[in-house]
Amino acid sequence: MKLYIKYMVSIRCKMMVKEELKKLGIPYATVDLGEVEIREDITDQQREQVKIALLESGLELMDDKKAMLIEKIKNTIIEMVHHTDELPKINFSDYLSEKLDYDYTYLANLFSETEGTTIERFIILHKIERVKELIIYDELNLTEIALKLHYSSVAHLSHQFKKMTGLTPSFFKSLKHKKRTMLENV
């Protein structure tokens, strides 16, 4: 049995979910990408207890299949852009289709209808946040960042960065108080 939970992919969120399930005595197999695989069926009362416990922790148990799929899309993109060392070599559309086992056209249409933006724009926003993060860390130069995030060139990265933030990457780097957007607000 699987439960679907709305949360950002992070170690902290996964640990919170695991902690709440342990407190309630609900054995789970895995906690990953907004879903929890429960080892045995749970009662409606246990499900309600999980729902309440998660809400108190700022998380949400999801029941709507389309909403669950939207969260899987978002979490897959966030995991891919922010939590992997190397972006996939295949197109993002192919990657999402393979990972979620849905036709990309269906995913793209559902996402656009529900979120009011495209998957591509969502990916770009997250890539720009990742660029900001890498600039702040100051371990890679722009050429290395462009390569790491599969931009065709530094010029392409710079153009997209300026278009999305209004700043050049160099100017952003020179700011004393660099502003990043919380991932859940992207």
Tell me, do Val36 and Ile26 make a side-chain contact under 4.5 Å, heavy atoms counted? no

Can you tell me which residue pairs pass the salt bridge (Lys or Arg N to Asp or Glu O under 4.0 Å) test with a partner in residues 103-115, sequence neighbours excluded?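 Those involving residues 103-115 are Lys74-Glu115.
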
Residues 144-171 vs salt bridge (Lys or Arg N to Asp or Glu O under 4.0 Å), sequence neighbours excluded, gives none

Please name all residues satisfying side-chain contact (heavy atoms from CB on, under 4.5 Å) with [X], sequence neighbours left out, ordered by chain then number.
X	answer
Ser152	His156
Ala67	Met62, Asp64
Asp101	none
Ile124	Ile128, Gln160, Met164

Between Glu129 and Lys132, does any NZ, NE, NH1 or NH2 come within less than 4.0 Å of an OD or OE carboxylate oxygen? yes

In chain order, what residues pass the side chain to side chain donor-acceptor pair (under 3.5 Å) check against [X], with sequence neighbours excluded?
X	result
Ser57	Glu20
Glu48	none
Asp44	none
Tyr104	Glu120

Test of understanding: with ring pair (Phe, Tyr, Trp, His ring centres under 6.0 Å), list the residues that count as partners of Phe171, not counting sequence neighbours.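 Counting only residues at least two positions away or on another chain, Phe171 forms no ring pair (Phe, Tyr, Trp, His ring centres under 6.0 Å).
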
